[in-house]
Amino acid sequence: MPAETPRFRSVLDRFAGYKPGRTTYAPDGRSFKLSSNESPFGPLPSVLDVIATAAGEVNRYPDNGAAALIAAIAARFAVPQEHVAVGCGSVGVAQQLLAAAAEPGAQVLYAWRSFEAYPVLADLSGAESVRVPLRAETHDLAAMADAITEHTRLVFICNPNNPTGTVVRRAELAEFLRRVPPDCLVVLDEAYREYVRDPAVPDGLSLYRDQPNLAVLRTFSKAYGLAGLRVGFMVAQEPIVAAARMTMLPFSVNHVAQAAAIASLAAEPELLERVDAVVGERARVRAALLGDGWTVPPTEANFVWLRLGRDTADFAAECEAAGVSIRPFGAEGARVSIGDPEANEAFLAVAKAYPRRH
């Protein structure tokens, strides 16, 4: 008779957990991690000083309400404090929203391919995922609006989209929001907002006041360089914020993370100079790829997308052999983060030498 084991949810029988980007090494020891959309820059000295001070205080619990952080975010973006919620990265806030809105029998709608955490979070919430295929590598908002039913509780729009870097623009987003029923929550995931240079891409914070069912997600992980500390936030009207605060895991934004995020907001002008440097490298990398014959969609994020099809795994292996880790997605393509110039050159050397067969 087989030994009895604890019973778990049936969803785990078909569950594929989130897989983070890999780190790889070439035979000569070189390693260039371009698989996780991280900032290539470490924290600023002023932020490091704050982190060091806060580290000496970790014997105490953090402020569960993150009052000082919420006040700093509200002041920076000129929104009421009652319109701000925080979480363990923007993905943590997304999980809080799903915990509040999703349940068995409900549907969660998103484009595919998009951020790979969406299906993970939707499955764990008990809701049914409804995936609408991308069109020309970006969200097909008309098709997404058509797919909304009376069971749709939440819609994710990732803008810029991860992993393709493509964007939806103001007019098409406004038309989509007009078609969404008022009892359906729209989550505009703007994790890469600071890298956007296209003036036609709307800033979600300019939209949410007139849209009671819109929540805007932001993060300190990318442009602010705090990926290892996990701080995200949401701006939305009070009923949505109240629900997200209610479902937040206690103390999930730790003391060091709160202090570092506040310090990063204070140092924002210097940090955004680094963002400009990444945007400059983004343009250089894409131009080099186009010059070598690659097809690379315009990107407003800190990465580029290569539609490789059946060559995806082979290309990723070639990169890995050179010590460059990228993010392959099955037989679809690969996402390559923008790193420092040395890392970008190592990647471009592989791309230039690769025999494109598709």
Side-chain angles (χ1 to χ4, degrees), residues 7-19 83-134 139-141 143-159 161-162 168 173 176-177 179-191 204 207-208 211-219 221 230-250 252-253:
R7 288 177 291 175
F8 298 103
R9 294 172 57 195
S10 59
V11 68
L12 298 185
D13 295 335
R14 59 183 188 279
F15 187 73
Y18 178 84
K19 296 180 180 180
H83 289 187
V84 180
V86 297
C88 183
S90 58
V91 70
V93 185
Q95 185 177 41
Q96 291 163 223
L97 290 172
L98 283 167
E103 60 188 346
Q107 294 177 339
V108 175
L109 177 69
Y110 50 88
W112 198 250
R113 175 171 295 272
S114 191
F115 182 33
E116 61 266 35
Y118 297 157
V120 173
L121 297 177
D123 286 351
L124 289 177
S125 75
E128 174 193 358
S129 281
V130 177
R131 302 181 182 184
V132 177
L134 297 175
H139 287 62
D140 186 344
L141 291 185
M144 291 179 71
D146 290 340
I148 293 173
T149 73
E150 62 181 4
H151 303 294
T152 309
R153 293 284 185 87
L154 185 150
V155 179
F156 283 112
I157 299 176
C158 190
N159 200 38
N161 185 47
N162 177 11
V168 295
L173 181 59
F176 173 80
L177 293 173
R179 293 184 60 189
V180 177
D183 62 352
C184 178
L185 177 61
V186 178
V187 180
L188 185 60
D189 187 345
E190 295 188 332
L207 303 175
Y208 89 95
Q211 197 73 34
N213 62 335
L214 178 64
V216 181
L217 300 186
R218 299 281 180 90
T219 183
S221 294
R230 312 304 304 127
V231 193
F233 66 96
M234 174 185 74
V235 177
Q237 294 191 24
E238 287 186 55
I240 302 173
V241 169
R245 290 180 177 181
M246 192 178 302
T247 56
M248 177 184 177
L249 184 70
S252 61
V253 183

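Throughout, residue positions are numbered sequentially from 1 according to the sequence presented.
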key: Ala143 versus Val132, closest heavy-atom pair with distance   = CB-CG1, 3.8 Å
task = Kindly write out the residues that satisfy ring pair (Phe, Tyr, Trp, His ring centres under 6.0 Å) with Tyr208, not counting sequence neighbours, or none if the list is empty.
result = His83
request  = Search all heavy atoms of Gly204 against all heavy atoms of Glu190 and return the closest pair with its distance.
outcome  = N-OE2, 2.8 Å
note = Rounded to the nearest 0.5 angstrom, the CG-CG distance for Leu188 and Leu217 is 8.0 Å
key: Heavy-atom closest pair, residues Gly126 and Arg9   = N-NH2, 3.9 Å
Distance, nearest 0.5 Å, that separates CD of Gln107 from CD1 of Ile148 = 10.0 Å
inquiry  = Closer than 3.5 angstrom, by distance alone: can the side chain of Asp183 be matched with the main-chain N or O of Glu150 as a donor-acceptor pair?
reply    = no
Going by atom type alone, with no hydrogens or angles, which donor-acceptor pairs under 3.5 Å involve a side-chain atom of residues 240-249 and a protein atom two or more places apart or on another chain?
{"residue": "Arg245", "atom": "NE", "partner": "Val84", "partner atom": "O", "Å": "3.2"}
{"residue": "Arg245", "atom": "NH2", "partner": "Gln81", "partner atom": "O", "Å": "3.0"}
{"residue": "Arg245", "atom": "NH2", "partner": "Val84", "partner atom": "O", "Å": "2.6"}
{"residue": "Thr247", "atom": "OG1", "partner": "Gln96", "partner atom": "O", "Å": "2.8"}
{"residue": "Thr247", "atom": "OG1", "partner": "Ala243", "partner atom": "O", "Å": "3.2"}
{"residue": "Thr247", "atom": "OG1", "partner": "Ala244", "partner atom": "O", "Å": "3.3"}

message = If you compare all heavy atoms of Ala94 against all heavy atoms of Leu121, which two are closest, and at what distance to 0.1 Å?
response = CB-CD1, 4.0 Å
request  = Begin with the C-alpha distance, continue with both residues' side-chain angles, and end with the deciding distance and a verdict on side-chain contact (heavy atoms from CB on, under 4.5 Å) for Thr152 and Val130.
outcome  = CA-CA 9 Å; Thr152 309; Val130 177; over 6 Å; no
task = Start with the C-alpha gap between Leu173 and Leu207, add the side-chain angles, then the distance that decides, and say whether side-chain contact (heavy atoms from CB on, under 4.5 Å) holds.
result = CA-CA 10 Å; Leu173 181 59; Leu207 303 175; 3.7 Å; yes
query = Between atom CD1 of Ile157 and atom CG of Leu141, what is the distance when rounded to the nearest 0.5 Å?
reply = 5.0 Å
Point-to-point distance, once rounded to the nearest 0.5 Å, from CG of Leu97 to CZ of Phe156 = 7.0 Å
query = Atom CG in Asn161, atom NE2 in His139: separation rounded to 0.5 Å?
reply = 5.0 Å
Verdict with supporting geometry, Trp112 and Ser129, side-chain contact (heavy atoms from CB on, under 4.5 Å) = CA-CA 11 Å; Trp112 198 250; Ser129 281; over 6 Å; no
task = Work out which heavy atom in Cys184 is nearest to a heavy atom in Leu154; give both atom names and the distance.
result = SG-N, 4.2 Å
Ring pair (Phe, Tyr, Trp, His ring centres under 6.0 Å) partners for Phe233, two or more places apart = Phe77, Phe220
task = Calculate, to the nearest 0.5 Å, the distance between atoms CZ and CG belonging to Arg153 and Leu98 respectively.
result = 11.5 Å
request  = Provide the closest heavy-atom pair for Pro104 versus Ser125 in the form atom of the first, atom of the second, distance.
outcome  = CD-O, 4.3 Å
request  = Verify side-chain hydrogen bond (donor to acceptor under 3.5 Å, both in side chains) between Ser90 and Arg218, making sure each step is shown before the conclusion.
outcome  = CA-CA 6 Å; Ser90 58; Arg218 299 281 180 90; over 6 Å; no
query = Do the non-hydrogen side-chain atoms of Phe176 and Val168 ever get within less than 4.5 Å of each other?
reply = no
